[in-house]
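What follows is a short report on a single structure.
Note that the structure is predicted; figures quoted are calculated from it, not measured.
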Amino acid sequence: MLTDRYKAAMQFAATLHDGQTRKGTQVAYLSHLMSVSALVMESDGNENEAIAALLHDSIEDRSHDYVSAFQVEPRHGREHPLAADRQIG
């Protein structure tokens, strides 16, 4: 069962990627994030992994909007792999 943390992560991702589309299409970029999150859940991933899937491009794609692990982690927890972005670079 998904909790309010997942809903908050979905809203955060939707806000960050608002207006962004998949390359060469008019398809909302959020659809990619939702698809990856669904694959995680369908493969028996837990909520933390599903949240990480929703937010996996938040730092990389939206860094020009000053999104960092320091913004993501306090909202969505330290348990998911986004903390690695802070260590890599």
Side-chain angles (χ1 to χ4, degrees):
M1 174 156 256
L2 298 174
T3 68
D4 288 341
R5 285 181 60 243
Y6 185 87
K7 294 174 192 171
M10 175 70 82
Q11 182 61 49
F12 188 64
T15 299
L16 287 177
H17 296 281
D18 186 42
Q20 185 178 3
T21 59
R22 300 290 311 260
K23 287 184 181 178
T25 74
Q26 292 300 309
V27 176
Y29 192 78
L30 185 62
S31 66
H32 163 66
L33 304 174
M34 293 168 62
S35 296
V36 174
S37 185
L39 287 171
V40 167
M41 289 185 281
E42 290 169 0
S43 299
D44 295 322
N46 63 36
E47 184 177 59
N48 289 332
E49 294 164 333
I51 289 171
L54 283 175
L55 301 177
H56 78 271
D57 283 333
S58 297
I59 297 169
E60 178 183 346
D61 289 356
R62 306 310 287 181
S63 62
H64 64 278
D65 293 329
Y66 304 106
V67 174
S68 71
F70 294 104
Q71 288 175 286
V72 173
E73 187 178 295
R75 292 178 183 205
H76 307 292
R78 186 176 199 99
E79 299 83 20
H80 54 73
L82 284 175
D85 276 7
R86 186 173 38 189
Q87 296 167 358
I88 292 170

Worksheet entry | Residue list, side chain to side chain donor-acceptor pair (under 3.5 Å) with T3, at least two apart or on another chain | E47
Discussion item. A side-chain contact here means heavy atoms from C-beta on lying under 4.5 Å apart; do K7 and L2 qualify?
Written reply: no
Worksheet item: If we only count heavy atoms from C-beta on, is the H32 to Q20 side-chain gap below 4.5 Å?
Response: no
Worksheet item: Say you draw a straight line from CG of D44 to CD of E49; how long is it, rounded to the nearest 0.5 Å?
Response: 10.0 Å
Worksheet entry | Which atom of A50 lies closest to which atom of S37, heavy atoms considered | O-OG, 3.1 Å
Discussion item. I'd like to know whether M10 forms a side chain to side chain contact (heavy atoms under 4.5 Å, CB included) with L33, so could you lay out the CA-CA distance, the side-chain angles of the two residues, the decisive distance to 0.1 Å, and finally the verdict.
Written reply: CA-CA 9 Å; M10 175 70 82; L33 304 174; over 6 Å; no
Worksheet item: Which atoms form the tightest heavy-atom contact between T21 and T25, and what is the distance?
Response: OG1-O, 3.4 Å
Worksheet item: For A9 and L55, which heavy atoms make the closest approach, and how far apart are they?
Response: O-CD2, 3.7 Å
Worksheet item: Are L16 and M34 connected in a single hydrophobic cluster, I mean Ile/Leu/Val/Met/Phe/Trp/Tyr linked by side-chain heavy atoms less than 4.5 Å apart?
Response: yes
Fill in: More than 12 heavy atoms of other groups within 6.0 Å of M41 CE
yes
Worksheet item: Is there a path of hydrophobic side-chain contacts, each under 4.5 Å between heavy atoms of I, L, V, M, F, W or Y residues, that connects Y6 with F12?
Response: yes
Worksheet item: Between V40 and L54, is there a shared hydrophobic cluster once you connect ILVMFWY residues whose side-chain heavy atoms come closer than 4.5 Å?
Response: no
Fill in: Side-chain donor/acceptor of T15 to backbone N/O of Q11, under 3.5 Å
yes
